[in-house]
Every structure is written in C-alpha cells, then in structure tokens.
Peer 1: 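Handing you this structure, nothing more for now.
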Amino acid sequence: MTSMANEPATSKVVCTLFDKNPRRIGVSTTDPNFIGYVNGVKIGYFTNNGTSRDDRSDNLCTHNVPVTCYSSASLLDRRSVIDVLRFCSNEGCLELGRRYHGLIIKSGFGVDQFVGTSLVDMYAKCGDMGSAVMLINRMPYLDVASCNCLISGCAKNGLFDEAFSFFMMFDGIDIGPNHYTYTIMLAVCGSLLAIEEGKQLHAQIVKMQYISDTAAGNALLTMYSKCGMMQDAESLFKGLVQRNVVSWTAIINGFKQHRDFEKALRLFCLMSEDGIDPNEYTFSIALASCASMKNLDIGRMFHAQVLKKGLALGDYVGTTIVDFYSGLGEAGDAGKQLKEMGKFASSASWNAHIAGFVHNEKAEEAIEVFADMVKNDEACDEFTYSMILKACSSLPSLVTCEQIHSRVIKAKFVSNMHVGSSLIDAYNKCGSVEDAERVFTQKSSADVVSWNSMIKAYSQNGHPTKALALFQKMIEGGIMPTNSTFLAVLSACSHSGMVQEGQKLFESMVRDYNILPEETHYSCVVDLLGRAGQLENALDFIKNLPVKPTAPVWRPLLAACRCHNNLQMAEFIAKQILELDPNDATVYVTLSNMYTEAGQYTDAEKQRKLMTVKDVAKEPGCSWIEINNRIYRFFSHDKSCSESPRVYQKLKQIVQQIEKRGYTLSAKEDNVALYHSEKLAVGFGLINLPAGKRIRVFKNLRVCPDCHSFLKYLSTIVDKEIVLRDNYRFHHFKQGCCSCGDFW
DNA sequence: CTAGGGTTAG
C-alpha cells in the first residue's frame with residue numbers, strides 16, 4: 001500500500017493510471033472509507049457520511065412507502081423493488097434503502113442488472129459511495145447506466161476529481177459514454193469552472209451527434225453560463241433545436257447569477273411569448289431576481305402569479321417569497337408567507353425570515369423568530385446558526401452568543417466553515433477575544449475564513465501584533481490568504497501605527513499572492529498613512545491609484561486631516577468627496593467643527609447651513625445637536641432610540657452637562673455612539689477617539705482608569721436605565737485603552 | 001425497466 005493515507009487522488013494521478021489500461025476497480029474490505037484501487041494502487045477516498053438524513057426514514061417508512069416494504073421477501077416484485085429504490089434515492093433515505101437491500105438479496109432480485117443499477121444509484125444519491133462502489137464491483141458486468149450512476153454519485157457528493165477518474169475509465173473498458181454521461185460530466189465541469197474540459201466535452205457531444213438531445217444541450221448551456229461565458233451560453237441557447245422550459249430557466253438563471261437581472265426578467269417575458277409556461281423553478285429565479293433588484297412591485301406581481309398557479313406554498317418558491325419580502329424589509333408579509341406555508345416550510349424558509357431581520361439590523365426580532373423555529377421543532381442548520389450568530393454580534397450579547405454556541409456544539413456544527421467563523425466573529429464583536437481564540441484552536445481543521453475571522457478579532461480588539469503573528473502562521477501553514485485576510489492585517493497595522501509593515505503587506509498582496517486590491521484595501525492604506533500623520537503621502541497614494549478614487553477612499557484622509565489639524569487639505573478633500581457623494585453629512589460636520597476650532601465662525605456656520613438646507617443630517621440611526629457652534633452627532637444602532645424626542649433631549653442634556661464639567665467631548669471626534677447591550681447602554685464616544693472609531697464597552701474590555709471614571713460619570717447623568725457594568729479590568733496592559741488609546 | 005438538464009440562504 002502507498003502512503004497517500006489521507007488525501008483524495010487528483011485527477012491527474014488517476015488519469016495517468018487509467019491511461020495504462022485499467023482493468024478493474026477494487027475496494028478495501030478493512031477500511032470502509034477507501035473506495036478503491038486500480039491495479040493495486042489506491043485511487044480515491046470517500047467519507048461515509050450518508051447517514052445525515054436517516055432521521056427522516058422512520059416517518060417515511062410508516063407513511064409513504066408501498067406495503068411490500070414490510071412484506072416477506074417472497075412478495076416482492078421487480079417493478080416495486082425499483083420503485084422503492086427510486087423513492088429512497090429521491091428522498092435520501094439510506095437506512096430504508098439498506099433494509100430494502102437485504103430483502104432484495106433474499107428475494108434473489110439482486111442479480112438483476114436493473115435492480116443492481118437502482119441499488120448503486122440509491123447508495124450514491126444517499127451519500128454512501130463506499131457501498132455504491134462495492135456493489136459496482138460485484139455486478140456480473142458493467143454497463144453504461146451503472147457507470148453513469150457511479151459518476152453521478154461522485155458528482156452529487158462533490159467528488160469531482162473522482163467523477164473525472166471514473167469518466168476516464170470508459171476509455172479502458174468496452175462500453176462507451178452516452179448522452180447521459182455527457183450531461184453528468186458537463187455538470188461536473190460547471191461546478192469546477194473547468195471551461196477547457198467543458199469545451200472538449202462539447203466537441204465530443206457534437207461528434208457523437210448528441211447535440212440534438214435537449215438535456216445535453218441544456219447541460220452545455222448551464223456549463224457555459226456557470227463558467228461566466230454568457231455570450232456563448234446565449235448563442236448556444238438561440239441555436240438549440242428545441243427549447244423547453246428547462247432551457248429557458250437555465251438561461252434566465254445564468255443572467256441572474258451574473259447579476260443582469262433586467263435581462264433575466266426580459267427573457268422571462270420572451271419565454272411566455274414563445275408559448276412556454278414558467279414553472280416553479282422559473283418563478284423561484286424570477287422572484288429571487290426581484291429580491292436582488294429590490295423591486296417590490298414586480299416581485300408582488302410574480303407573487304400574485306404563483307398564487308394563481310397554486311405554486312406559492314412549495315418549498316423553493318415559498319421560501320423565495322419569504323426571502324423576497326424579508327430582504328426588502330417587509331417583515332409582515334414575510335411572516336405571513338411563512339405562516340401560510342405551515343408544514344411545507346423548510347428550515348430554509350425559516351432561515352430566510354431570520355436573515356431578513358439580520359440584514360435589516362433587527363437582531364432581537366431575528367432571535368425571536370429563531371426561538372419560534374426551535375419551538376416548532378424545525379431543524380436548525382448551518383445557515384440558521386450562522387445567521388443567528390450574526391444577530392448576536394450586532395446586539396451585541398455575550399450571553400446569547402454563549403447559548404447559541406452550546407447549541408452549535410450539540411448539533412455538531414463547530415467545524416462547519418460558516419458556523420465556525422461566525423462564532424469567532426460573534427465572540428469578537430461581543431468583546432471576548434479569549435472565547436474567539438478558544439473556538440479557533442478547538443476547530444479540528446481551520447479553513448481560510450476562520451483564519452480571517454481570528455486575525456480580524458485580534459486586529460479589532462487591540463492585538464495588532466497577535467494579528468500579524470497569526471497571519472505569518474497562516475502563510476507558513478500553506479493557507480492562501482484572501483482579500484479579507486489583507487483587510488484584517490492592513491487595519492491591524494493602521495491601528496497600531498505600523499506604517500512600513502502595512503505598506504509591505506500591501507505590496508506583497510499583488511506581487512506574491514496575485515490578489516487585486518479593492519476599494520476597501522486602498523481605503524485601509526490611506527487610513528494607515530493618514531493616522532500616522534503622513535497626510536501628503538496619503539494624498540500621493542490616492543493620486544497615483546490605478547483607478548479613479550471613490551468617496552470611501554477619500555474619507556479616511558479627511559478624518560486624518562481632522563486629527564492632525566490640516567484645514568487646508570481638509571477643504572480640498574471635502575471638495576473631492578462632495579463631488580462623488582454630495583449627501584455625505586460627515587463632510588459638513590467635520591468642516592464646520594474644524595472652522596469653529598480655528599475661530600472661523602462664519603465659515604463654520606456656512607457649513608451648518610449647507611447641511612440643513614441639503615437636509616443631509618438625517619441619516620438613519622443618527623441624530624445631531626449643535627452646542628456652542630459645534631456639532632455633535634449621535635449614533636445608535638437602535639433607530640427608534642436615536643430618533644425619539646425624549647432621547648434627543650436627553651442627549652442634549654448630557655452634552656451640556658459634560659461641557660459644563662469642563663470636558664471637551666471629543667476634541668477630534670464629532671461622532672458619539674450610543675450602544676445598547678442586553679438593555680444596557682454601554683458606551684459613549686470619548687475624548688480623543690481615533691476618527692471613525694466608536695467605542696463599545698464590554699465587561700472584559702480594557703479601559704484605563706481615567707476613562708472608566710468618565711464613563712461612570714456619564715452613566716450617572718444619562719438615565720436610570722442606563723447602567724454601566726462595574727467589572728472592567730483594571731490592570732496594566734500593553735495595548736492602549738480602547739476608549740482613549742492611552743497606554744497604562 | 002436502470003442513468004441526465006433548470007430553483008432558496010451565509
């Protein structure tokens with residue numbers, strides 16, 4: 001045996017093996033996870049994970065399966081055997097299929113080629129590839145249908161390299177691929193974005209005269225559109241001998257996937273003119289397009305159409321409707337749809353409702369729906385946990401986060417990429433780097449997303465050195481960084497004044513990792529230079545960008561001008577930003593306050609007037625107050641809070657009292673954030689906050705004694721409901737106070 | 001008779 005113990009064979013290795021006229025694939029009898037050997041060399045590795053849906057088979061056994069299932073073997077007939085196996089394949093009932101397999105062996109139908117193929121298909125579709133391969137090897141002879149089942153099984157289980165290997169097998173044995181085989185392989189190419197291989201298959205299809213087969217044509221169409229070649233897909237579509245509803249759906253979905261929603265909807269109309277009726281697939285795509293376009297009217301129209309056709313309660317269409325309404329903030333309609341779906345609702349439908357609340361920053365409502373979902377015994381999946389953890393981060397609530405974490409552990413989702421990284425993110429946002437660290441180290445295998453989350457956690461919680469060290473470790477571990485990785489390390493450098501490191505990283509991004517910088521990276525570099533006071537360098541950087549600078553690229557430089565008192569440059573930058581985004585309230589606030597501090601009161605007032613005339617100050621979640629020619633802006637994640645007159649009065653009172661006490665509320669900071677956590681207001685922006693940074697105070701946050709007493713003072717004047725937690729950590733720490741940035 | 005093509009969400 002070779003030493004390839006834990007890695008799947010690559011198609012390259014396998015292809016060369018198959019080139020040498022392979023005879024037979026074999027399977028290990030001792031290790032159920034090994035799929036097989038060719039001429040004594042292992043070619044693949046399967047994980048036997050087909051048991052995940054077994055909980056469903058008990059129900060299905062008692063309700064939906066033909067009676068013969070329970071009858072003695074002698075009562076089985078060939079027809080129903082095949083029917084039941086097809087049923088198991090479609091529903092993913094592995095356990096039921098296994099039991100049925102036993103009956104089949106007893107009855108003697110096991111030797112039947114068609115029954116054998118159905119069995120292979122059942123195991124493959126249920127995810128038990130080990131058994132599928134074992135059966136293939138025991139079949140008296142292989143035919144194209146059984147091979148297709150095997151290849152299709154690989155493809156459905158994400159084993160694309162293995163699918164290719166088995167496809168190559170056709171060259172070595174007497175049977176050849178047929179049109180079924182090509183459709184399967186085209187789907188594999190689509191998933192791998194393997195356009196070259198796809199084109200080769202296209203050529204073979206033409207040569208073999210399968211091109212007139214509708215399914216093959218549709219598979220080609222999908223392959224091209226998945227690979228991003230929409231022009232080829234469209235011309236292929238136009239040239240199709242026969243366009244059925246699947247062809248139309250495929251091309252419409254292609255344009256939807258590439259975010260050309262208008263074109264997608266235009267084609268939807270053309271389709272009806274062509275006399276083809278849209279079905280549930282087409283409607284799902286159309287509704288999802290409306291959701292992405294944020295077009296409530298057209299979406300409602302589609303909703304009406306599916307209602308009329310009686311398709312509105314199906315899992316996919318129904319869920320898309322929930323998603324459509326909740327994504328547009330129409331939570332009422334979303335909830336109504338979910339309720340109407342009743343038992344037809346799947347976990348996806350619930351997830352869509354939760355996601356809508358999370359995206360619209362209504363974390364509490366999201367958690368309520370989650371509680372409802374649990375109460376309804378709906379199984380939570382990776383999406384549910386990932387979404388609900390995002391809700392925890394925006395609250396932010398450590399307690400809720402811990403509760404969800406325990407559910408995640410119980411449901412065995414910690415190792416899932418999305419759930420794991422959301423967990424790290426959530427602990428990060430709740431201020432507990434220690435917990436984030438624990439999740440990260442306990443994950444059996446870390447994926448790049450989790451590495452990114454952990455680096456970001458260090459970076460955002462005042463551990464820039466740790467962030468960079470972890471980045472180094474990641475590179476040494478051979479993990480390819482992504483653009484988010486660089487965002488995290490660049491911001492770590494920027495917040496800790498490591499200008500040179502930051503610049504080096506930015507350069508290596510393109511040079512060593514071939515990652516094209518985006519707007520956010522440029523913005524980070526501008527921030528890096530600006531914070532360090534290198535205003536001219538930052539300006540040069542922007543001027544020399546290969547693309548036209550956008551408002552988000554200019555903004556950090558304006559903030560830097562404010563910090564470093566460069567009014568002249570601030571005026572120039574302000575002009576640039578307003579040209580790109582005339583409604584940016586920050587610009588007026590910043591300029592006005594800078595003029596006030598420079599004693600240019602007329603100029604200051606001019607800015608405030610402009611701001612009022614343009615009515616730009618009314619950002620959601622933000623209110624502002626003018627005291628002594630200065631503007632203070634208050635942010636709160638709770639819209640109703642920042643917009644309520646009572647709160648407005650309260651805030652005004654606070655600022656006045658603060659000023660009366662001789663404090664200058666944020667000499668360099670015009671934004672004051674008001675956060676709530678678990679019904680407590682936990683923080684205020686304070687003196688000398690770096691621009692753009694809003695403070696959050698959590699129980700484990702490191703606050704220096706000065707700020708602590710200031711925060712305590714604030715808490716006494718704000719409101720009775722607003723109480724600060726008294727368990728800050730008070731010891732010497734190496735990184736700065738999260739409030740004022742001072743070192744203690 | 002057995003195998004194939006199009007749908008939801010981080």
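Being a predicted model, the structure only gives us computed values, none of them experimental. So you know, we letter chains A, B, ... as the sequences are listed, proteins then strands, and number each from 1.
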Peer 1: Rounded to whole angstrom units, what separation is found between the CG atom of A:Asp315 and the C1' atom of B:dA9?
Peer 2: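 It works out to 12 Å between those atoms.
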
Peer 1: Can you check whether A:Trp248 stacks with the B:dG6 base, using ring centres under 5.5 Å and planes within 30°?
Peer 2: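 No, aromatic ring not over the base.
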
Peer 1: Quick one: which of B:dA3, B:dG6, B:dG5 gets closest to the side chain of A:Lys156?
Peer 2: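 The answer is B:dG5, which lies nearest to the side chain.
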
Peer 1: Rounding to an integer number of Å, can you tell me how far A:Gln257 CD sits from B:dT8 C1'?
Peer 2: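 It is 11 Å, rounded to the nearest whole Å.
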
Peer 1: Roughly, in whole Å, what's the span from OH in A:Tyr224 to P in B:dG6?
Peer 2: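 Rounded to the whole Å, the gap is 16 Å.
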
Peer 1: Kindly point out which of B:dT7, B:dA3, B:dG4 is positioned nearest to the side chain of A:Asp213?
Peer 2: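 Of B:dT7, B:dA3, B:dG4, B:dG4 is nearest to the side chain of A:Asp213.
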
Peer 1: Taking atom types as they are modelled, would you say the side chain of A:Asn279 forms a donor-acceptor pair with the base of B:dG6 within the 3.5 Å cutoff?
Peer 2: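 Between B:dG6 and A:Asn279, which were checked side chain against base, a qualifying N/O pair under 3.5 Å is present.
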
Peer 1: Which nucleotide in the list B:dA3, B:dG5, B:dG10 gets nearest to the side chain of A:Ala355?
Peer 2: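 Looking only at heavy atoms from C-beta outward on A:Ala355, the closest nucleotide is B:dG10.
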
Peer 1: Answer whether the closest heavy-atom distance between the side chains of A:Leu265 and A:Met293 falls below 4.5 Å.
Peer 2: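 SC-SC contact between A:Leu265 and A:Met293 confirmed.
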
Peer 1: Side-chain donor or acceptor of A:Arg78 under 3.5 Å from a matching atom on the base of B:dC1?
Peer 2: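 Looking at the base of B:dC1, it does pair with a donor or acceptor on the side chain of A:Arg78 (distance under 3.5 Å).
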
Peer 1: Nearest to the side chain of A:Asp121, which nucleotide is it out of B:dT8, B:dA3, B:dG6?
Peer 2: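 That would be B:dA3.
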
Peer 1: Rounded to whole angstroms, how far apart are CE on A:Met387 and P on B:dG10?
Peer 2: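 My rounded result for the distance is 6 Å.
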
Peer 1: Can you identify which nucleotide, out of B:dA3, B:dG6, B:dA9, has its nearest atom closest to the A:Asn253 side chain?
Peer 2: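 Side chain of A:Asn253 sits closest to B:dG6.
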
Peer 1: B:dG10 C1' sits how many Å from A:Phe370 CZ, rounded?
Peer 2: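 It is 15 Å, rounded to the nearest whole Å.
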
Peer 1: Look at all strands and tell whether A:Thr214 reaches a base, only sugar-phosphate, or nothing, counting heavy atoms closer than 4.0 Å.
Peer 2: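 Contact class for A:Thr214: base.
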
Peer 1: Side chain of A:Ala215, heavy atoms from C-beta onward: which of B:dA3, B:dT8, B:dG5 has the nearest atom to it?
Peer 2: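 Per side-chain heavy atoms of A:Ala215, the pick is B:dG5.
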
Peer 1: With respect to the side chain of A:Asn416, which nucleotide from B:dG5, B:dG10, B:dA3 is positioned closest?
Peer 2: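 Out of B:dG5, B:dG10, B:dA3, the nucleotide with an atom closest to A:Asn416's side chain is B:dG10.
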
Peer 1: Ignoring backbone atoms, test whether A:His359 places a side-chain nitrogen or oxygen under 4.0 Å from the OP1 or OP2 oxygen of B:dG10.
Peer 2: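 Yes, within the criterion.
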
Peer 1: What's the CG-P distance between A:Asp83 and B:dA3, to the nearest Å?
Peer 2: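 Going from CG in A:Asp83 over to P in B:dA3 covers 11 Å.
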
Peer 1: Mind checking the OH-CG spacing from A:Tyr281 to A:Asn253? Nearest 0.5 Å is all I need.
Peer 2: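 If I round to the nearest 0.5 Å, the distance is 12.0 Å.
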
Peer 1: Between atom CE in A:Met223 and atom P in B:dG6, what is the gap in whole Å?
Peer 2: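 Going from A:Met223 (CE) to B:dG6 (P), I get 13 Å.
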
Peer 1: Please state whether the phosphate of B:dG6, meaning OP1 or OP2, lies under 4.0 angstrom from any side-chain nitrogen or oxygen of A:Asn218.
Peer 2: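 No, because none of the side-chain N or O atoms of A:Asn218 sits under 4.0 Å from OP1 or OP2 of B:dG6.
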
Peer 1: Enter the distance from A:Ile184:CD1 to A:Phe167:CZ here, rounded to the nearest 0.5 Å.
Peer 2: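 Those atoms lie 10.0 Å apart.
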
Peer 1: Quick check on the 6.0 Å ring-centre criterion: do A:Trp451 and A:Phe440 meet it?
Peer 2: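 Centroid separation for A:Trp451 and A:Phe440: below 6.0 Å.
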
Peer 1: Measuring to OP1 and OP2 of B:dG5, would you say a side-chain N or O of A:Lys226 lies under 4.0 angstrom away?
Peer 2: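 Checking B:dG5 against A:Lys226, no side-chain N or O comes under 4.0 Å of OP1 or OP2.
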
Peer 1: Tell me whether the OP1 or OP2 atom of B:dA9 has a side-chain N or O from A:Lys390 closer than 4.0 Å.
Peer 2: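 No.
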
Peer 1: Expressed as a whole number of angstroms, how long is the span from A:Asn351:CG to B:dG10:P?
Peer 2: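 Rounding to the nearest Å, CG of A:Asn351 and P of B:dG10 are 10 Å apart.
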
Peer 1: Can you check whether A:Gln337 reaches A:Phe324 side chain to side chain, under 4.5 Å on heavy atoms?
Peer 2: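 Heavy-atom side-chain distance check fails, nothing below 4.5 Å.
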
Peer 1: State which of B:dG4, B:dC1, B:dT8 makes the closest approach to the side chain of A:Ala348.
Peer 2: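 Nearest to the side-chain atoms of A:Ala348, counting from C-beta on, is B:dT8.
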
Peer 1: OP1, OP2 of B:dG4 versus side-chain N and O of A:Ser152: anything below 4.0 Å?
Peer 2: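 Yes.
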
Peer 1: Rounded to the nearest 0.5 Å, what separates atom OG1 in A:Thr181 from atom OH in A:Tyr210?
Peer 2: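 With rounding to 0.5 Å, OG1 (A:Thr181) is 7.0 Å from OH (A:Tyr210).
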
Peer 1: Using a 4.0 Å heavy-atom cut-off, does A:Glu382 contact any base of the nucleic acid, only the sugar-phosphate backbone, or nothing at all?
Peer 2: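 Base contact - A:Glu382 has a heavy atom under 4.0 Å of at least one base atom.
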
Peer 1: Regarding B:dT7, can its base be found pairing with the side chain of A:Ser284 as donor and acceptor, where the two atoms are less than 3.5 Å apart?
Peer 2: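 Donor-acceptor pair under 3.5 Å: yes.
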
Peer 1: Where the side chain of A:Asp323 is defined as all heavy atoms beyond and including C-beta, which of B:dG4, B:dA3, B:dA9 is the nearest nucleotide?
Peer 2: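 The listed nucleotide nearest to A:Asp323's side chain is B:dA9.
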
Peer 1: Under the 5.5 Å and 30° test, is A:Phe383 stacked on the base of B:dA9?
Peer 2: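 Yes; centroid distance and tilt both under limits.
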
Peer 1: Among B:dC1, B:dT8, B:dG5, which nucleotide has an atom closest to any side-chain atom of A:Val246?
Peer 2: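 Closest of the options to the side chain of A:Val246: B:dG5.
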
Peer 1: To the nearest 0.5 Å, what is the distance between OG1 (A:Thr384) and CH2 (A:Trp350)?
Peer 2: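 Taking OG1 in A:Thr384 and CH2 in A:Trp350, the distance rounds to 11.0 Å.
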
Peer 1: Mind checking if A:Ala352 touches a base, just sugar-phosphate, or nothing, with heavy atoms under 4.0 Å?
Peer 2: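 Contact class for A:Ala352: none.
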
Peer 1: Look at the side chain of A:Tyr316 against the base of B:dT7 and say whether a donor-acceptor pair falls under 3.5 Å; ignore hydrogens and angles.
Peer 2: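 When only heavy-atom distances are counted, A:Tyr316 does not reach the base of B:dT7 through any donor-acceptor pair under 3.5 Å.
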
